[in-house]
Amino acid sequence: MKPEVICLMMSSLDGGLHPSKWTESPDGGRKEWTALYQKAHEELQGDAWIVGRVTMAEMAKGKPHPPQSAGAVERPHRFADRKAGSYAIALDTSGKLHFTQPDIDGDHIVVILGNSVPDRHLAELAADGISYIVSPSAEIDLAAALDVLGKELGIRKLLLEGGAAINGAFFAAGLIDEFHLLVAPALDGSGGQPVVTFEGGLAGRTQLSLLSAETKDNGAVALRYKVHTRRG
Ligand SMILES: NC(=O)c1ccc[n+]([C@@H]2O[C@H](COP(=O)([O-])OP(=O)(O)OC[C@H]3O[C@@H](n4cnc5c(N)ncnc54)[C@H](OP(=O)(O)O)[C@@H]3O)[C@@H](O)[C@H]2O)c1
């Protein structure tokens with residue numbers, strides 16, 4: 001069964017995604033806004049969180065280290081831990097990510113890949129104690145991957161935590177149930193990437209309706225939307 005997907009993002013008023021580049025406010029700064037995002041993440045009580053390859057690369061800083069003798073490599077998936085309290089999931093189509101441990105702050109790592117990923121990379125993940133799912137196609141089939149996560153790992157609530165490319169792909173595929181945006185009283189001003197990007201845009205594909213708007217600490221605002229996918 002497909003998990004419920006909640007997209008959780010934090011942005012400046014002009015859609016910037018990097019608190020390190022934002023203006024400060026008398027109400028707070030990077031440290032406070034990062035803490036607010038972390039608190040929102042914890043309050044949602046997801047079974048797992050998922051990010052794109054670029055975002056995961058900020059946390060996974062390993063170098064390639066395929067094992068000398070790989071032996072048989074399991075496809076289409078291998079689960080090193082089916083009873084983890086929480087999962088950290090990365091979409092890494094061609095296997096560019098390398099890890100130094102099987103978890104991120106205690107959350108067991110699962111990597112989702114395209115089917116052109118070489119065996120030596122899967123062998124490296126297996127030797128590192130990391131779980132993986134190989135899509136049936138060269139590009140990752142997001143809906144199929146979510147089904148596997150629900151069926152094999154019992155994931156019921158998945159927090160989609162960016163970046164913009166992954167968010168756009170999930171929106172376009174009609175897989176997001178709710179969009180939660182924390183807006184900080186800050187400006188980026190550098191014309192950087194917005195919260196969601198998708199080639200050709202999302203007009204005609206997606207509709208949002210407001211569930212709640214709440215003021216938070218440090219001058220931030222929390223907006224929650226129900227996501228509707230337009231069909232036909
Ligand atoms: N403010 C926030 O709330 C927040 C949250 C998360 C991240 N961020 C920031 O966002 C930035 C990264 O965002 P990003 O948009 O550049 O990258 P991203 O979404 O983190 O990763 C994009 C990459 O994921 C891979 N991918 C796999 N399947 C995909 C699919 N179906 N559609 C698109 N990509 C797919 C591709 O890797 P390949 O290129 O290898 O094929 C793609 O380049 C980071 O700097 C991070 O700090 C901010």
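Here, residue 1 is the first one in the sequence, and each next residue gets the next number.
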Distance col, row Trp33:CH2 vs Ser12:OG, nearest 0.5 angstrom, shows 9.0 Å
Within residues 207-229 or reaching into it, pairs that qualify as salt bridge (charged side-chain N to carboxylate O under 4.0 Å, His left out) - sequence neighbours excluded: Glu178-Arg224, Glu214-Lys216
Quick one: salt bridge (charged side-chain N to carboxylate O under 4.0 Å, His left out) pairs with a partner in residues 74-85, sequence neighbours left out? Glu74-Arg78, Arg75-Asp119, Arg82-Glu152
Can you find a pair of side-chain heavy atoms, one from Arg30 and one from Ser20, that are under 4.5 Å apart? yes
At their closest point, which heavy atom of Leu175 faces which heavy atom of Ala143, and how far apart are they? CD1-N, 3.8 Å
Any pair counted as side chain to side chain donor-acceptor pair (under 3.5 Å), so long as it reaches residues 40-52, sequence neighbours left out: Gln38-Glu42, His41-Glu161, Trp49-Asp107
What pairs of residues pass the side chain to side chain donor-acceptor pair (under 3.5 Å) test when at least one of them lies in residues 89-101, not counting sequence neighbours? His98-Glu124
Holding to side-chain hydrogen bond (donor to acceptor under 3.5 Å, both in side chains), I want the full list of residues that pass it with His228, two or more places apart in sequence or in another chain. Ser209
Working to the nearest 0.5 Å, report the span between CD1 of Ile112 and CD1 of Ile140. 6.5 Å
Answer whether the closest heavy-atom distance between the side chains of Ile89 and Ile155 falls below 4.5 Å. yes
My understanding is that only residues two or more places apart in sequence, or in another chain, count here; which of them pass side chain to side chain contact (heavy atoms under 4.5 Å, CB included) with Leu223? Val183, Ala213, Val221, Tyr225
Determine whether a donor-acceptor pair (N or O, by modelled atom type, separation under 3.5 Å) exists between the side chain of Asn167 and the backbone of Leu160. no
So if you build clusters from Ile, Leu, Val, Met, Phe, Trp, Tyr with side-chain heavy-atom gaps below 4.5 Å, do Tyr87 and Met56 land together? no
Ring pair (Phe, Tyr, Trp, His ring centres under 6.0 Å) partners of His180, counting only residues at least two apart: none
For Met1, does its backbone N or O pair with a side-chain atom of Asp147 as donor and acceptor, under 3.5 Å? no
Donor-acceptor under 3.5 Å (Ser135 side chain, Asp141 main chain): yes
Less than 3.5 Å apart, any donor N or O on the side chain of Ser131 or His108 sitting next to an acceptor on the other? yes
Matching residue for Ile6 among Ile176, Val227, Leu159, Leu158 - test: side chain to side chain contact (heavy atoms under 4.5 Å, CB included): Leu159
Would you say the side-chain atoms of Thr229 pair up with the backbone N or O of Thr206, donor to acceptor, closer than 3.5 Å? no
For residues 52-65, pull every pair meeting side chain to side chain donor-acceptor pair (under 3.5 Å), keeping only residues two or more places apart or in separate chains. His65-Asp128
Using every non-hydrogen atom in the two residues, find where Pro102 and Gly129 come nearest and quote the distance to one decimal. CB-O, 3.5 Å
Can you list everything that forms a side-chain hydrogen bond (donor to acceptor under 3.5 Å, both in side chains) with Thr197? Sequence neighbours excluded, please. none
Could you state the interatomic distance from NE2 (His77) to CD1 (Ile133), rounded to the nearest 0.5 Å? 7.0 Å
Take Ile166 and Ile50 through the side chain to side chain contact (heavy atoms under 4.5 Å, CB included) test and state the conclusion after the steps. CA-CA 9 Å; Ile166 290 300; Ile50 186 165; 5.7 Å; no
Ile104 with Val110, same ILVMFWY side-chain cluster at under 4.5 Å: no
Nearest 0.5 Å, what's the CG-CD1 distance between Leu125 and Ile130? 5.5 Å
Partners passing ring pair (Phe, Tyr, Trp, His ring centres under 6.0 Å) against Phe198 (at least two apart in sequence or in another chain): none
With a 6.0 Å cut-off on ring centres, are Phe179 and Phe171 close enough? yes
Those residues that, when tested against Glu139, pass salt bridge (Lys or Arg N to Asp or Glu O under 4.0 Å) (two or more places apart): none
What's the separation between atom OG in Ser86 and atom CG in Asp103, rounded to the nearest 0.5 Å? 10.5 Å
Shortest non-hydrogen separation from Val134 to Asn115 and the atoms involved: CG1-CA, 3.6 Å
Among all residues two or more places apart in sequence or in another chain, which pass the side chain to side chain contact (heavy atoms under 4.5 Å, CB included) test with Asp27? Ser25
Could you measure the distance from the CG atom of Leu8 to the CE atom of Met10? Nearest 0.5 Å is fine. 9.5 Å
Can Asp177 and Lys157 be counted as an ion pair, charged N to O under 4.0 angstrom? no
Could you tell me whether a side-chain N or O of Asn218 sits under 3.5 Å from a main-chain N or O of Ala220, the two making a donor and an acceptor? no
I'd like to know if Met9 and Val5 are part of one continuous hydrophobic network [Ile/Leu/Val/Met/Phe/Trp/Tyr, side-chain heavy atoms within less than 4.5 Å]. yes
Nearest heavy-atom pair of Ser11 and Val195: which atoms, and what distance? CB-CG2, 3.6 Å
